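First comes the structure, then the notes that go with it.
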Amino acid sequence: MAVVISVANQKGGVGKTTLTMNLGHALASMGKRVLLVDIDPQFNLTFGLIGMDVLEYGENNVGTLMTRESSVEETIVEVRKNLHLIPSHLNLSAKEIEIINAYNRERRLEKALTPILPDYDYVLIDNPPSMGIFLVNSLTASDYVLIPLELSYFGVIGMQLMFNLMRMIRDETNENLKLLGLVPNKFTRQTKVPKMRLRELKETYPDAPILTTIPKAIALEKAQSQGLSIFEFEGDGRAAKALLKLAREVVEIVEG
């Protein structure tokens, strides 16, 4: 049975999509059966994995899945061995109003995914940078939340918004939701500020697990723009090694 992990942060630009994509590739390379779910109307994860083929999935995407216009089996796209995708689409934003007005709206994604959870080891959900109905659906369907963040002042302080939302989700729709950890992303040693913010993060949230730090690397952006994982683009680089370490850490925490 799959473990469902939301990669989430209400703040934009923290590297959620890049982290989701490369963590998925890393887990798949370890022999894990992985399903990636793109629930972001900006569909960056989908575009990074299948490029312009995104246009072909107007009738089979995460939006039509949540409005019950398509089945989960029809919606899944094979990316490579052990790695599948439920794509987002240009029309996802238009589906939002329909989903908001739907019965049992917070559980639309959870109910759609339930039939195929036995087919996978991990489901990773890439979320939009907002606290709307898509993020609520994602957290309701998840076992864990993985939170990437930049080590800036607002990045550290903004964690409280995510923790407040998680508390609300536990109270209302998913009492078993757990924090997998925080992932400091785009880390640079060129200034003292990131180290200082990392120390502040540990002091402010002493009970939050802080996982592998991912270095800032142009290679990550270049790889994604070419539809490649960092392992295919620069497998011996610092970013690839850090992301593989993170994948091993996730497996160790989840599987024990």
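These figures come from a predicted structure and were not determined experimentally.
Applying the salt bridge (charged side-chain N to carboxylate O under 4.0 Å, His left out) test to Lys11 and every residue at least two apart in sequence or in another chain returns nothing.
Taking the side chain as every heavy atom from C-beta outward, Arg197 and Glu200 approach each other to under 4.5 Å. Put simply, the side chain of Asp236 reaches to within 4.5 Å of the side chain of Glu234, judged on heavy atoms. Within the 4.5 Å cutoff, no side-chain heavy atoms of Leu149 are placed close to those of Val183. Contact of the Val254 side chain with the Leu180 side chain is registered, since non-hydrogen atoms from C-beta on lie closer than 4.5 Å. Annotation: side chain of Leu179 is in contact with side chain of Pro209 (closest heavy-atom distance under 4.5 Å). At a threshold of 4.5 Å between non-hydrogen side-chain atoms, the residues Val250 and Ile5 count as touching. Using a 4.5 Å heavy-atom cutoff, the side chains of Glu255 and Lys32 are in contact. Side-chain contact between Gln42 and Phe47: absent, with no pair of heavy atoms (C-beta onward) separated by less than 4.5 Å.
Judged purely by atom type and a 3.5 angstrom limit, Asp38 has no side-chain atom pairing as donor or acceptor with the backbone of Pro87. With Thr213 contributing its side chain and Pro184 its backbone, the two residues share no donor-acceptor pair below 3.5 Å. Here the side chain of Glu221 pairs no donor or acceptor atom with the backbone of Ile218 at under 3.5 angstrom. Using a distance-only test at 3.5 Å, with no hydrogens or angles considered, a donor-acceptor pair links the side chain of Arg33 to the main chain of Asp119. Remark: side-chain polar atoms of Asn185 are paired, donor with acceptor, to backbone N or O of Val14 under 3.5 angstrom. Side-chain atoms of Ser29 come within 3.5 Å of backbone N or O of Ala26 as a donor-acceptor pair. For the pair Thr67 (side chain) and Thr64 (backbone), a donor-acceptor distance under 3.5 Å is present. Panel note: side chain Asn174, backbone Ala141; no donor-acceptor pair is recorded below 3.5 Å.
Around atom CD of Glu59, no more than 12 heavy atoms belonging to other residues, nucleotides or ligands sit under 6.0 Å away. Heavy atoms from other residues, nucleotides or ligands lying under 6.0 Å from NZ of Lys178 number more than 12. Residue-environment remark: CD1 (Ile97) stays at or below the threshold of 12 foreign heavy atoms within 6.0 Å. Heavy atoms from other residues, nucleotides or ligands lying under 6.0 Å from CD of Glu252 number 12 at most.
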- From CA spacing to verdict: side-chain contact (heavy atoms from CB on, under 4.5 Å), Tyr57, Thr75: CA-CA 8 Å; Tyr57 296 97; Thr75 308; over 6 Å; no
- Task: Report the C-alpha distance between Glu69 and Lys95 in whole Å, list the side-chain angles of each, state the deciding distance to 0.1 Å, and finish with yes or no for salt bridge (charged side-chain N to carboxylate O under 4.0 Å, His left out).
- Result: CA-CA 11 Å; Glu69 296 169 82; Lys95 297 289 182 185; 2.5 Å; yes
- Does the side-chain contact (heavy atoms from CB on, under 4.5 Å) test come out yes or no for Val251 and Tyr122, once each step is laid out? CA-CA 10 Å; Val251 170; Tyr122 289 90; 3.6 Å; yes
- Begin with the C-alpha distance, continue with both residues' side-chain angles, and end with the deciding distance and a verdict on side-chain contact (heavy atoms from CB on, under 4.5 Å) for Leu220 and Asn22. CA-CA 9 Å; Leu220 281 167; Asn22 286 291; 3.9 Å; yes
- Trace of the side-chain contact (heavy atoms from CB on, under 4.5 Å) decision for Gln160 with Tyr205: CA-CA 9 Å; Gln160 194 58 50; Tyr205 306 110; 3.4 Å; yes
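Across Pro41 and Ser93, no two heavy atoms sit closer than the pair CB-OG, 3.3 Å. Across all their heavy atoms, Pro148 and Ala8 have their closest contact at CD-O, 3.7 Å. The two residues Leu27 and Ala247 make their nearest non-hydrogen contact at CD2-O, 4.0 Å. Here the closest heavy-atom approach between residue Lys111 and residue Pro115 is recorded as O-CD, 3.5 Å. The nearest pair of heavy atoms linking Asn82 to Ala28 is ND2-O, 3.4 Å. Across all non-hydrogen atoms, the minimal contact from Gly31 to Asp121 is O-OD2, 4.3 Å.
A side-chain donor from one of Asp126 and Thr17 sits under 3.5 Å from a side-chain acceptor of the other. If you check the side chains of Ser229 and Glu232, you find a donor sitting under 3.5 Å from an acceptor. With hydrogens and angles left out, the side-chain atoms of Glu249 and Thr212 include a donor and acceptor closer than 3.5 Å.
Clustering of Ile, Leu, Val, Met, Phe, Trp and Tyr side chains at separations under 4.5 Å places Met66 together with Met1, Val4, Leu35, Val37, Ile39, Val62, Leu65, Val72, Ile76, Ile86, Leu92, Ile99, Ile100, Leu109, Leu113, Ile116, Leu117, Tyr120, Val123, Ile125, Ile133, Phe134.
Atom CG of residue Leu49 and atom NE2 of residue His84 lie 12.0 Å apart, to the nearest 0.5 angstrom. Interatomic distance, Met159 CE to Thr204 OG1, rounded to the nearest 0.5 Å: 11.5 Å. Taken from CZ in Arg108 to CD in Glu106, the straight-line distance is 10.5 Å, to the nearest 0.5 Å. Rounding to the nearest 0.5 Å places CE of Met196 at 7.0 Å from CZ of Arg199. Annotation: the span from Lys81 atom NZ to Glu78 atom CD amounts to 10.5 Å, rounded to 0.5 Å. In this structure, CE on Met21 lies 9.0 Å from CG on Leu83, to the nearest 0.5 angstrom.
The only member of Val145, Leu201, Leu146, Leu198 that meets side chain to side chain contact (heavy atoms under 4.5 Å, CB included) when paired with Leu182 is Leu201.
Residue pairs meeting the side-chain hydrogen bond (donor to acceptor under 3.5 Å, both in side chains) criterion with at least one member in residues 136-145, sequence neighbours excluded, are Ser6-Ser138, Ser6-Ser142, Asn127-Ser138, Thr140-Thr173.
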